[in-house]
Amino acid sequence: VVIKSSNIDYCNHTNNIEYIRFLTNVFSVDELIRNDIKSFEIDYINQSRESDNLNIYQDKLDNTKFIIKNGDLTVIKCKIQKEKRRTKNE
């Protein structure tokens with residue numbers, strides 16, 4: 001993801017809500033519906049700015065964990081909390 005002017009907040013870094021948009025864009029609409037996302041737990045580690053090129057990585061062992069990096073610099077760490085699916089008996 002290349003950071004554009006519309007992603008920037010009044011302090012000239014990427015607006016925090018934009019990271020959630022970047023993460024949800026990893027999924028198709030069908031995947032978002034099936035995944036029952038409840039919330040995002042995000043650790044903001046470093047800032048990003050206009051023209052930065054961010055890469056999104058998903059943990060191979062735990063597909064609810066993501067890292068967004070700017071080169072070698074970690075910008076955020078995220079864990080997606082999912083709703084528990086109800087069984088027919090509940």
Side-chain angles (χ1 to χ4, degrees):
V1 175
V2 176
I3 303 301
K4 308 247 188 255
S5 59
S6 62
N7 305 123
I8 300 299
D9 64 16
Y10 66 94
C11 292
N12 289 327
H13 1 89
T14 305
N15 189 306
N16 290 346
I17 198 70
E18 294 296 320
Y19 295 113
I20 295 171
R21 287 188 183 123
F22 301 154
L23 290 165
T24 56
N25 283 334
V26 169
F27 303 101
S28 69
V29 171
D30 289 338
E31 289 173 314
L32 288 172
I33 292 167
R34 282 194 317 265
N35 280 323
D36 296 323
I37 294 173
K38 178 180 177 183
S39 64
F40 293 85
E41 182 181 313
I42 299 179
D43 295 321
Y44 298 97
I45 299 167
N46 286 294
Q47 299 169 354
S48 61
R49 293 182 167 74
E50 186 178 12
S51 301
D52 284 351
N53 188 1
L54 305 182
N55 292 300
I56 302 170
Y57 301 94
Q58 186 175 22
D59 189 305
K60 290 181 181 179
L61 300 176
D62 182 351
N63 68 358
T64 66
K65 291 183 180 180
F66 292 84
I67 294 176
I68 297 180
K69 289 186 163 196
N70 181 10
D72 291 333
L73 187 68
T74 298
V75 177
I76 72 158
K77 291 182 179 181
C78 176
K79 179 158 177 66
I80 295 175
Q81 304 292 330
K82 296 182 179 182
E83 288 281 349
K84 285 188 175 180
R85 289 191 177 256
R86 295 183 181 197
T87 64
K88 291 180 182 179
N89 297 330
E90 290 185 286

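This chain uses plain numbering: 1 for the first residue, then up along the sequence.
- Counting only residues at least two apart or in different chains, salt bridge (Lys or Arg N to Asp or Glu O under 4.0 Å) contacts with residues 15-26 comprise E18-R21.
- Contacts of Q47 classified as side chain to side chain donor-acceptor pair (under 3.5 Å), with partners at least two apart in sequence or in another chain: H13, R49.
- For the atom pair T14 OG1 and E50 CD, the distance stands at 9.5 Å (nearest 0.5 Å).
- In this structure, OG1 on T64 lies 8.0 Å from CG on D59, to the nearest 0.5 angstrom.
- Q81 places no side-chain N or O within donor-acceptor distance of the main-chain N or O of K38, the cut-off being under 3.5 Å.
- For residues 69-78, every residue pair satisfying the side chain to side chain donor-acceptor pair (under 3.5 Å) rule, not counting sequence neighbours, is listed here: D52-N70.
- Listed by chain and residue number, nothing satisfies the side chain to side chain donor-acceptor pair (under 3.5 Å) test with K65 (two or more places apart in sequence, or in another chain).
- Annotation for I56: hydrophobic cluster partners, listed by chain and number, are V1, I3, I8, I17, Y19, I20, F22, L23, V26, F27, L32, I37, F40, I42, Y44, L54, F66, I68, V75, I76, I80 (ILVMFWY side-chain heavy atoms under 4.5 Å, direct or chained).
- Clustering of Ile, Leu, Val, Met, Phe, Trp and Tyr by side-chain heavy atoms under 4.5 Å joins I45 with none of the others.
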